[in-house]
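These notes concern the structure reproduced below.
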Amino acid sequence: MGKDSTRQTGTDLDAKATSYGGDAIVRFERVQKSYDGVLLVVKDLDLEVQRGEFLTLLGPSGSGKTTVLMMLAGFETATHGGIFLKGEPINNVPPHKRGIGMVFQNYALFPHMTVFENLAFPLEVRRLAKGEIQEKVRRALEMVRLGGFENRRPGQLSGGQQQRVAVARALVFEPDLVLMDEPLGALDKNLREEMQYEIKHIHENLGVSMVYVTHDQSEALTMSNRIAVFNDGRIQQLAAPDDLYERPENAFVAQFIGENNRLSGRVSHLDGTSCAVDLDDGGGRVQALAVKVAGDRARTTLSLRPERVAINPEEGAFPNVFEARVQELIYLGDHIRTRVSLCGKDDFIIKVPNAQGHAMLREGEQVRVGWALEDCRALDA
Amino acid sequence: MAEIAGSAQGMAAITTADGRPLAVALRHAERVKRWKAFFLVLPLLLFLGVTFLYPIALMLFRSVENPVVADNLPRTLAALESWDGEDLPDEAVFAALAADLGEARENKTFGRLATRVNQELSGTRTMIMRTARRVARFEAPFKEAVTAAHPRWSQLETWAAIARLGDRYTPIQYLAAMDLGYDVQGNIVAQPESRQIYRNLFLRTFWMSLVVTLACLVLGYPIAYLLASLQARYANLLMILVLLPFWTSLLVRTTSWIVLLQTQGVLNDLLVWLGIIGDDQRFQMIFNAQGTVVAMTQILLPFMILPLYSVMKTIPQSYMRAAQSLGAPRFYAYWRVYVPNTLPGIGAGCLLVFILAIGYYITPALVGGEDGQMISNLIAFHMQKSLNWSLAAALGGILLAGVIALYWLYNRLVGVERLKLG
Ligand SMILES: Nc1ncnc2c1ncn2[C@@H]1O[C@H](COP(=O)(O)OP(=O)(O)OP(=O)(O)O)[C@@H](O)[C@H]1O
Ligand SMILES: [Mg+2]
């Protein structure tokens, strides 16, 4: 609101940290967190959130995403390390002085107040004049397309409407930073997708920085400038959505983001950025991109996206070509999910796009499949 | 709303596959279920009817029923119909009185008559007793004979009282319970200052119950909060401590307060030993209103804590967090967000404690002393000692009306459906 000068569109935020000029609004420095003094829930977190960025924390349940968010909001204290907001350490600043907007998973709208009173709450706390409060609340409600709902109570709104009120409330006092902890978790699929775009547009229009928590990867991919993939209290990879999907740096990320075929084997020949991998049980030799291999003879997991596998490729187009037998065909409209047995594995998935003139396969058929070296990434075992 | 009503009407026309209206079919299908449910609760319903509703109805009936005079002096009352109330009644009335008293003496019911009239007009007991004993020897003119037997027969006040008491159903006990009565002309007037007790007692009962309720709220709220926010294992332990008093007899708890607070009790001994007060300055902490309030607060505290706790447990932590993230300092967030959400619990707890307190009997009886007595103690007195059951019933009726009024008020303000007790 009123931050049009810092307004950025999705395309200028091309999602590389450098494009924000290194202007970090939040910085975590070697932050650790333990609840019980036995287990570290967050291990050595170093993370910068750039001004105006939409950063998503993505990870499986229990990976520590909420904990990170709560430390940033001030509801949990870091056991070790420093948290900085606009360059100032905030470890000892109470939550109400941090000026960070927050949307909770269950919305946390105050049930005894009307929508108007809910939105006016942060403004009253800041002792704004009555007229100004009314104006700001009106604008915030219009932003989430809920004009005219001022006098309803949260209990009289649908889930999606409550969600929008919660977003409006977190934004109405014009914070620079907004945190959202799985705000769409309780909505059904259609509404969730609609809200994803809505939140994304609000972010683009206002230019606020957002830290968003989800365990839904497609949500993360749709909305974010950058995604931090969490597992076991650590950031596994911090990158833009396309990077994360196309260039996962380790087996966990490859597995967690999108579908992926895993082949395990041993590096037999390492040559700079590429390597040859002998698959287990004599499955054959695969040429792959050496992304994260410990060295020659080290065990490795190959990761290969199902849509990057070609059926009956032209002779010599790919370094990797194998014989496969079609096991199962599942028609999914835009593509046909094909399960084949290959190199001794019978759960190898290929997505055949339902384009004009695509290969017509039959179950039990013997085909040749192939893929490029760059699409097959050799990662940690 | 209009649309909804319209569509509901539209639905009434829908029929089931075999052509019966849907609403009829539904009602039929539900009926069996309803009867089953009814038979399941029938025993309890009967039990409540016999042990709860019937006695209350009987009590309310007794508070307005007034048969003694009407039964014993039928002829006198008939003759009094035409009395103008200005002068003494005429000979016919006195003759009827002599006949009625003669019959009452034969039936040996004149003692009850004497008691009843005396309740209304003190000092008339001997008048009736003496007259009844002599009535066999009376001869006409009865006016002289009767007034000679006792001089009060020649007072207008006596006759006015008898005429008034002749009504079989009368609000007279309710008036008495509010320190009101009739004067000779039949106007409702306040009792003389020296005979007013009930109104003050009602006020005191109300006031003490209010103090107990507030004390319970102030003491119970933080404990309930602690209970609702502690980790489960500590919360369970604390809950046992809260419930512990329930497992101890009420009498034991009340007497232990006597042990603790009496002038030679533990607390006074401690204060003396610490040198805070001298041995001759021991506080009177029990057998008075304060003692009653203290003991009742302790006894009723769980009834405040439990409904509060059950409401607080359902308030998500995220409300407070949201308030703080919106910029509210902790205390402000409590006041604006947490406390309003506990209102149903506060209402339920206060209502429960207040209603229990207002009818409390044992504790004030044991530790109340002079100024700690409550209305229930007086009801018991009229039931057991003075045997004026009608007055006791009227006092009980007023208490009942008070409780119902409070309940109504609560329903208006908070809504009974939000009442949570556990
Ligand atoms: N208040 C707490 N006390 C003790 N342990 C906690 C507490 N909150 C979280 N944990 C533990 O810390 C770990 C990380 O929890 P966190 O809530 O941050 O996970 P998450 O990534 O948000 O998971 P989810 O996707 O399920 O919300 C979990 O193992 C959890 O059991
Ligand atoms: Mg979480």
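Values below: every heavy atom of this structure, side chains too, minus hydrogens, waters and symmetry copies. Convention: sequence-line order gives letters A, B, ...; per-chain numbering from 1.
Note on ring orientation: taking the six-membered ring where Trp is involved, the planes of B:Y338 and B:Y225 are perpendicular (angle over 60°, cut-offs 30° and 60°).
Comparing A:A166, A:A170, A:P111, A:G101 by heavy-atom pairs within less than 4.5 Å of chain B, the highest count is held by A:P111.
Contact of B:Y332 with chain A is made through the side chain alone, with heavy-atom distances under 4.5 Å. Heavy-atom distances place both the backbone and the side chain of B:P329 under 4.5 Å from chain A. Contact annotation for A:L109: only backbone heavy atoms (N, CA, C, O) come within less than 4.5 Å of a heavy atom of chain B. Only the side chain of A:F104 comes within less than 4.5 Å of a heavy atom in chain B; its backbone stays farther off. Contacts between A:P94 and chain B at a heavy-atom distance below 4.5 Å are absent for every atom of the residue.
A:Q32 contributes no side-chain N or O that, together with a main-chain N or O of A:G81, makes up a donor-acceptor pair within less than 3.5 Å.
Under the 4.0 Å criterion applied to side-chain N and carboxylate O atoms, A:E132 and A:R126 are not assigned as salt-bridge partners. Remark: A:E142 does not engage A:R139 in a salt bridge, criterion side-chain N to carboxylate O under 4.0 Å. A salt bridge links A:R138 with A:E135: the closest approach of a Lys/Arg side-chain nitrogen to an acidic carboxylate oxygen falls below 4.0 angstrom.
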